[in-house]
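Data first, discussion second: the structure below is written as C-alpha cells.
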Amino acid sequence: MRILALATATLLAVLANGAAAQAHAFLDHAEPRVGSTVPTAPREIVLTYTQNLEPAFSSVEVSDANGARVDLGKPRISASTMRVGLKKLQPGTYRVRWQVLSADTHTTEGSFTFHVGQ
Ligand SMILES: [Cu+2]
C-alpha cells in the first residue's frame, strides 16, 4: 500500500510538472498570420498567446528588410493579447520579433515574417 501511495505521488508530481511546462506563453496566432502574404498593408500587428502576459516585461518589434523599425513603439497588452501599431508599410517583407513574460514567470521569445504585396 505504501508503495502504491508513493507511486501515485510520483505520478502526480510528473503530471504537475507537465502542466507547468504547458503553461509557458507560446504564440497561439498572429495577425497578419505567420509567414503569410497580405495584399494590403496592415495597420497593426496582433499577437495572441496561450497564457496571459505581464505587460511590463513583454515587447514586440517589427522591422523591414533593411532592419529599420516600422512599429509605432510601445505595445498595448491586454490579458493574452499584445498589439502594436505600424507605420505605413510599403510592399515588402517584414519581421516581427517578440519577447513575453507570462504569468508563470517564464520568458519566451520568437520571430516570424510576413509579406505585404504580391
Ligand atoms: Cu511557463
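Note that ligands are numbered from 1 as they come in the structure, with each ligand's atoms numbered from 1 the same way. Keep in mind it's a predicted model, so treat the numbers as computed, not measured.
Heavy-atom minimum distance, D71 versus L86: CA-CD2, 4.1 Å. Here the shortest heavy-atom pairing between K87 and R69 reads NZ-O, 3.3 Å. Nearest heavy atom pair, residue P32 against residue P42, reads CG-CG, 3.6 Å.
Of all N, O or S atoms in H106, the one lying closest to the Cu ion (ligand 1) is ND1. Between the Cu ion (ligand 1) and the N, O or S atoms of H24, the shortest distance is to ND1. Restricting D104 to its N/O/S atoms, the shortest distance to the Cu ion (ligand 1) is reached by OD2.
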Quick one: do H106 and Q51 satisfy side-chain contact (heavy atoms from CB on, under 4.5 Å)? Show the steps, please.
CA-CA 11 Å; H106 294 142; Q51 202 184 21; over 6 Å; no
